[in-house]
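Structure record follows, encoded as structure tokens.
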Amino acid sequence: MIDLLLYIVTNLFRIFLSDRFLFFFCGAPPIDKKRKAIVFWGYFFSNSILYLVFHVAWINLLSNLVGMVLLVSLYTKSKKTNLFLTSFIYCLGVMSELFCVLINTTYQDGIMVNQIYTVETIFMFFICEQIAERILTFRRGDDSVYSPVLLLVPVSSLGLVVWLIYSESLRGKNIAILSLCLLCINFFMLYLYNITINALTQKYEHALLEQLCGSYRDQLQLSGESEQKVRIFRHDMKHHLNELRFMLQRKKYTEMERYMERMESFLENSEEIVKSGNLEIDSLTNYLLKQAKEKLKHVEVNVQIPEDIKHSFDINMVLGNLLENAIEAALQTEEKFLAFDMKWRKGILKIEMSNSFSQSLIAKTVGEDVRLLSTKSNAIYHGIGLQSVKRIVDKYHGDMTFDTEGNRFQIKIILYME
Amino acid sequence: MYDIGICDDGQEICRFIKETIESYAAICKQFVHVDVWHTGEDLKDYLEDGNSLDLLYLDIELFQLNGMDVARYIRNQLDDRRMQIVYISGKQSYAQQLFKTQPMDFLVKPISKEQIEESFDLALRLLEEKENRFRLERGKDICYIRYSDVLYFCSYGRKIQIKTREGTEEYYGKLKEIQEELPEEFLRIHTSFIVNTRWIAHYNYEQVVMENGEILNVSQKYRSEVRKFLMRSL
């Protein structure tokens, strides 16, 4: 009975871990959850049943590989990638088994060997998968929030099982029960970890949304002020024209000039820096750029986008993150320079931001990516911020490049946007 | 010799732009001829008579026939894609349709000398490209096609089809052979297509829409190339 339970749980965990790795490697699969659930559970049930009924090595192998290929095909259409991923996951599994065989050479209790051994394999598989995820994160230059604690749990679980077997303090069935419990702990902990990360991301997005609302409020006020001024002006237009005509007849040209300058400065609302016509984008950029103009020495802005551009929420996510980072970095320099350029042409939105930056912002080059360690204290928020930007760049099939020339840091983003 | 036009109902701003361009052109050793109009109708009459411009500074907020209508007339009725249009405007808020006229840039009043000089430089660079030609050998005949007239090169069996504004030319050849000699505005988007990006009206991740309405697919292999090109050139 306990064997069966152990087998089912380990098999489920194995397929779950493979799926998690695929999700990590390929991103979210482009099909709905139902279909994915069908394939996932289908794989699990068919694989388990075939194993339990037949116990034949080659049937096992076949059902594993076929199931895996099907699962991977959900994530990627490319046959080459499919082959690579399936082989990779299979190899991880084989390596885990080999490792466990090596450390179990002295254990002789025949009946329980299979299942305990499978449990150890799973812990090892978990460890391998975590290491693979970590390597990938590092290579991508991802600013992800990754806690080393996650790796400790399967390592200590594996260690515990192996030590118990070696020290022979627990026998057969008890070890099996213990392993089962450890497996469940591992599984739930992983689940909990995911929930925490999601909660953190949501909290961050919530904070951003609050900021956005605050900026809307400011913007509406600004627009209201501008509109009010225009209304007053239009009302007084006749009067102003008369005044000017009067001065013209008297050839009082310098007075005219001064009068017109006063009219101009009355109309101008210098707090409104960006007036693209998009309420959402104007709100957020004016809110942040106003702060920038107060705190920094030199701010350049150029925005050329249609007044009814779509997806302004996503654009704002990107702009909000980039502007905040740029302003903060520029603040820590002598030069305090910020340039912000956004153009929409032929279905492509281009966002370019450059700022002066100082040595306290360490830049490490990893392959072709530039990895930044910011001086910002809440590094987790910062990491999630850049992740949001990456997510949006991927969503619009876009691209992002960094450039550090001299003491200028430049980010360039293009997005395919209607 | 470049024909430059300025259309704005404000006399002073026309004078300012004209003077800036004439003095800057002299510094750059370029020959220019600058014309000024104060209404959209006058400009349209001039163009209807068969005259053309290389670069036009166009006020969006003209009094009657507004800037956008003039630009649409230029692109659609006159079918002139070569003219570089720079919109000048009192505001920063632009309608979606304005972008469809493929302007080179937007300048917001008050305009500085530097802005005019920069736009002049860019326009000249884009215009100069138009003069280069593609050499086409067909048996004993040799003919030349201006690159600016070519929409795309398409490989079809052992032949290459050259789609131009007028029609299609064919000859025996391989895309691989000509790819190197093509100027930088030509981009490979598919094993069988090399496209002149100046003729692209709209970019999607999976396809591009040409100015003449044709939709060409961007094959998976070349998508990141296209993206890199956009990153460089925009």
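Each chain gets a letter, A, B and so on, in the order its sequence line appears, and its residues count up from 1.
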What are the sub-3.5 Å donor-acceptor pairs between chain A and chain B, distances to 0.1 Å?
from: A/Ile273; atom 1: O; to: B/Gln92; atom 2: NE2; distance (Å): 3.1
from: A/Lys275; atom 1: N; to: B/Gln92; atom 2: OE1; distance (Å): 3.1
from: A/Lys275; atom 1: O; to: B/Ser93; atom 2: N; distance (Å): 3.3
from: A/Ser276; atom 1: O; to: B/Ser93; atom 2: OG; distance (Å): 3.4
from: A/Gln304; atom 1: NE2; to: B/Asp105; atom 2: OD1; distance (Å): 2.8
from: A/Gln304; atom 1: NE2; to: B/Phe106; atom 2: O; distance (Å): 3.1
from: A/Glu307; atom 1: N; to: B/Tyr94; atom 2: O; distance (Å): 2.6
from: A/Glu307; atom 1: OE1; to: B/Ser93; atom 2: OG; distance (Å): 2.6
from: A/Asp308; atom 1: OD1; to: B/Gln96; atom 2: NE2; distance (Å): 3.2
from: A/Lys346; atom 1: O; to: B/Tyr203; atom 2: N; distance (Å): 2.7
from: A/Lys346; atom 1: NZ; to: B/Ile200; atom 2: O; distance (Å): 3.0
from: A/His397; atom 1: O; to: B/Arg227; atom 2: NH1; distance (Å): 3.1
from: A/Gly398; atom 1: O; to: B/Arg227; atom 2: NH1; distance (Å): 3.2
from: A/Lys412; atom 1: NZ; to: B/Met231; atom 2: O; distance (Å): 2.6

- Message: Taking atom NZ as the centre, does A/Lys297 end up with more than 12 heavy-atom neighbours from other residues, nucleotides or ligands that are less than 6.0 angstrom away?
- Response: yes
- Note on the structure: The side-chain hydrogen bond (donor to acceptor under 3.5 Å, both in side chains) partners of A/Glu294 (sequence neighbours excluded) come to none
- Message: Tell me which of these, B/Val209, B/Leu98, B/Ile200, has more heavy-atom pairs under 4.5 Å with chain A than the rest.
- Response: B/Ile200
- Task: For A/Arg258, enumerate each residue passing the side-chain hydrogen bond (donor to acceptor under 3.5 Å, both in side chains) test, keeping only those at least two apart in sequence or located in another chain.
- Result: none
- Across all chains, not counting sequence neighbours, the side-chain hydrogen bond (donor to acceptor under 3.5 Å, both in side chains) partners of A/Arg391 are A/Glu205
- If one checks every heavy atom of B/Ala95 against chain A at 4.5 Å, the contacting part turns out to be both
